[in-house]
Amino acid sequence: MLATQEKWLPVWDDLAPFRSGDPADVRPKKYVLDMFPYPSGDLHMGHAEAYALGDVVARYWVQRGYNVMHPIGWDAFGLPAENAAIRRGVDPAAWTYENIATQKASMRRYACSFDWDRVLNTCDPEFYRWNQWLFLRLFEKGLAYRKPSLVNWCPNDQTVLANEQVVAGLCERCDTPVTKKKLTQWYFRITDYADRLLDDMAQLEGQWPEKVLLMQRNWVGRSTGADVVFEIEDRDAPVTVYTTRPDTLYGATFFVVAADSDLAAELAVSAPETVGRAFNEYLEQVRQTSEVDRLASDRPKTGVFLERYAINPVNGERLPIYAADYVLADYGHGAIMAVPAHDQRDLDFARAFGLPVVTVVDTGEDDPAGSGIATTGDGAMVNSGPLDGLDKAAAISAIIEILHDKQHGEATVNYRLRDWLISRQRYWGTPIPIIHCLDCGEVPVPEDQLPITLPRSEGLDMKPKGTSPLGGATDWVNVPCPTCEGPAMRDTDTMDTFVDSSWYFLRFLDPNLETAPFDGEQAKEWMPVDQYVGGVTHAILHLLYSRFFTKVLFDLGYVDFTEPFTRLLNQGMVVMNGSAMSKSRGNLVRLSDELVENGVDAIRLSMVFAGPPEDDIDWSDVSPAGSRKFLSRAWRLSGDVTSPVGVDPQGGHAALRKATHHALHEGAHAVETFRFNSMVARVMELVNSTRKAIDSGPGPGDPAVREAAEAVAIMLSLVAPYTAEEMWERLGHPPTVARAGWPEVDESLLVADEVTCVVQVSGKVRARLQVSPSIDEDTLRELALADANVQRSLDGREVRTAIVRAPKLVNFVPA
RNA sequence: GCCCCGGUGGCGGAAUUGGCAGACGCGGCGGAUUCAAAAUCCGUUGCCGAAAGGCAUGAGGGUUCAAGUCCCUCCCGGGGCACCA
């Protein structure tokens with residue numbers, strides 16, 4: 001196995017069959033992209049699966065005559081490098097580049113069909129200078145801005161997190177419960193693109209897994225409703241609330257403001273002193289509640305009455321105002337009108353605080369005041385003045401019109417999506433290219449000063465302490481203001497590493513370009529990515545951000561498409577005995593061990609053959625030894641062929657020729673529909689047929705045997721490159737089989753000259769006939785009826801109906 | 001709680017539009033080869049039955065000449081969302 005690697009790797013390096021950058025190359029282009037890895041160590045089983053699957057696609061399109069760009073790089077910024085630095089005192093850069101070298105060598109041995117001329121590392125200044133450049137473009141457009149806000153804070157990593165990076169209240173990286181902190185941070189205005197992120201999904205329908213589209217739709221969370229303006233007693237300015245149920249306005253019995261909102265604080269200040277004290281106590285308690293606890297679904301409702309009142313604009317009723325934590329400060333306007341009869345959360349609160357419940361929609365269900373179950377369905381409006389008798393939809397439009405006329409509200413849209421918080425208080429990332437000047441404020445770093453490279457880690461205190469380690473690099477931080485030359489300071493935060501991956505696919509077009517992040521002409525030729533392959537863990541994070549960046553770049557005129565990834569394949573995970581592999585569980589399978597034991601080809605084949613690519617693979621169900629056995633069976637075919645290279649297959653053994661062309665045809669179709677396991681099954685069938693032909697059919701000298709063996713080598717080259725190359729050589733061809741080309745399928749060989757016709761009586765199979773595929777219905781019916789078994793089953797009964805689907809099926813229905 | 005997606009032999013999984021259920025493989029069993037083992041090769045392998053035949057795609061019902069596939073109800077598993085007004 002090792003000898004085979006030693007033999008072919010230099011040959012492949014030399015021939016570079018997957019080089020894609022030749023401007024004279026006339027082949028049509030295709031861009032196949034695997035999600036790039038984080039260099040945390042050597043490759044593991046998960047990488048082995050992902051890259052085996054991506055390789056099938058890339059190598060297939062090369063065989064089909066395309067100039068396939070299949071690049072690889074490293075998502076090289078991020079916390080593990082820094083944590084290693086803290087634990088072991090190594091330089092994050094040195095640690096990272098060492099791991100990259102290890103992974104790169106492993107990928108080469110794993111025979112990944114990457115174009116090695118296009119490698120990039122996001123931690124190279126040549127890459128991240130363009131992060132800074134893009135940041136400045138967004139800053140100019142007002143799409144990058146700083147604001148104070150209550151943000152997600154990971155106490156373990158000592159950094160802020162974007163909303164997308166908090167999973168069920170836990171830090172996505174380290175599973176530590178996330179807390180909230182009031183901080184001024186940098187954001188990208190992704191919410192400006194909420195509608196387009198939703199609407200452009202129409203382009204992806206059928207091309208992306210439905211599941212991913214659904215998750216993104218939920219994440220953006222568009223809802224339609226109305227803003228309603230409420231006057232507040234003893235306050236000049238009114239307060240606007242957002243509601244999806246303006247039709248229930250007459251059912252509002254109280255008013256709630258988010259406890260942690262500025263409005264709550266303000267209302268409490270001008271309330272009686274006892275209220276102020278109670279409020280402050282409550283707020284303190286809310287602040288100490290972790291995100292995990294806050295999200296617990298069965299938590300009782302809590303709050304404080306502020307002894308203030310809002311006025312219902314339609315009936316002038318006084319609604320008591322409460323501060324509570326079930327209303328979120330950063331959604332809508334941070335305040336709601338509460339309609340306990342028709343909203344479960346409001347009802348729970350009303351019952352806890354003894355507030356009235358007024359039903360305004362008669363849904364025919366039990367009265368919520370008694371049942372404790374809010375009714376949310378449709379029905380006739382009651383107790384609602386001019387709305388009485390209308391149904392939900394009519395009431396919504398009627399009330400919006402009324403509010404609009406009185407200037408008390410209007411129809412609006414709201415989103416669950418929040419702006420993307422991109423600053424991080426950590427070292428190993430892209431410095432934010434802003435200089436803070438006391439006089440000039442936030443000053444962008446002039447473009448000719450890019451990149452702002454990271455200061456050396458030596459001498460910096462890397463320990464997480466809530467502020468960026470970059471703050472300790474005084475020489476680096478203190479700079480003159482680019483505008484006024486006065487003393488100023490660099491921004492010391494670094495960018496979220498998801499910024500890197502939001503556009504890296506464009507950098508592959510020319511990773512060494514020094515004048516721009518990418519070349520527009522090349523983007524026209526190659527983009528968007530035709531096939532993206534990666535894990536479903538990025539369903540929201542990376543894929544949403546990349547879609548956002550692409551739209552921004554489109555608006556800025558840098559690209560002419562609005563979606564970056566035309567087609568998406570999510571591969572599953574490799575697990576062991578039903579659960580994710582981990583050292584602590586003791587079910588870790590080491591890729592390197594597997595490779596030593598069974599070889600690269602057998603591991604790749606096992607990954608591809610295990611099942612559909614999107615399903616998880618349980619390694620305990622997989623037989624790499626079986627894969628190895630099959631590969632040597634296939635390989636042996638190539639040694640048995642005795643006909644000369646280039647022999648005309650015409651006139652060769654007809655049945656085997658049909659088998660070959662059938663396999664090529666079905667195999668191609670299987671690859672194009674992501675049924676890679678079925679493609680392998682078709683190759684296995686062809687190997688079996690060829691073996692039979694050699695041993696007991698027309699013999700090894702038949703031209704059809706050579707044709708079959710060559711087809712096996714070519715199909716196998718998608719999965720098992722070493723075995724395929726060995727076969728190709730033994731069959732008398734020069735390397736490399738990767739560029740041999742997919743043999744043209746002879747359509748005439750796809751039609752069988754005899755098919756099996758199933759004859760049923762009352763839907764049960766009673767006979768099978770060998771018939772010509774062109775047999776006509778009448779002949780087939782007579783033939784079927786004449787069959788002895790059919791006659792026995794009919795048992796003298798008359799045939800009431802005969803369904804004839806020539807040439808494959810006849811069904812007699814007796815009277 | 002809401003929304004998706006699944007449930008097919010001992011196991012992983014096949015099955016264009018409703019038309020031979022179980023392709024291909026793993027494992028098992030039997031045999032050949034071998035002093036023996038490994039490797040390899042051949043055969044066999046859904047269940048019941050001696051056979052004819054019958055029964056089988058989570059359970060139950062329905063549509064149809066015909067259902068793994070379509071419709072309804074339920075059970076189980078996996079995933080996503082979860083105070084977003």
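Values below: every heavy atom of this structure, side chains too, minus hydrogens, waters and symmetry copies. Quick caveat, the model's predicted, so the values are computed rather than measured. Below, chains carry the letters A, B, ... as their sequence lines are ordered, and counting in each starts from 1.
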A:Phe349 six-ring centre to A:Lys301 NZ/CZ under 6.0 Å and within 45° of normal: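 That pair does not qualify as a cation-pi contact.
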5′-ward residue of the pair A:Tyr331/A:Thr801 relative to RNA chain B: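 It is A:Thr801, whose closest nucleotide lies nearer the 5' terminus.
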Roughly how many Å is it from [atom1] in [X] to [atom2] in [N], rounded to a whole number?
X	N	atom1	atom2	answer
A:Leu263	B:A85	CG	P	19 Å
A:Asn677	B:G12	CG	P	14 Å
A:Lys808	B:G18	NZ	P	15 Å

Touch class at under 4.0 angstrom, heavy-atom based, for A:Lys211 against every strand present: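 Result for A:Lys211 = sugar-phosphate.
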Sugar-phosphate only, base, or nothing, as touched by A:Arg800 at under 4.0 Å among non-hydrogen atoms: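 Result for A:Arg800 = nothing.
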P spacing across the pair B:G6 / B:A15, given as an integer number of angstrom: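 About 14 Å, rounded to a whole number of Å.
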base_contact_polar (B:C83 base, A:Lys301 side chain, donor-acceptor, <3.5 Å):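 Result: at least one qualifying N/O pair found.
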N/O donor-acceptor pair, side chain A:Asn218 with base B:C81, under 3.5 angstrom: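 Answer is no: no donor-acceptor pair is held.
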Centroid-centroid distance, A:Phe609 to A:Phe630, less than 6.0 Å: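 No, the ring centres sit 6.0 Å or more apart.
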Syn/anti state of B:G43 by chi, 90° boundary around 0: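 Anti, angle beyond 90° from zero.
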Which nucleotide in B:U16, B:A14, B:G25 has an atom nearest any side-chain atom of A:Met684: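 Given the options B:U16, B:A14, B:G25, the side chain of A:Met684 is closest to B:G25.
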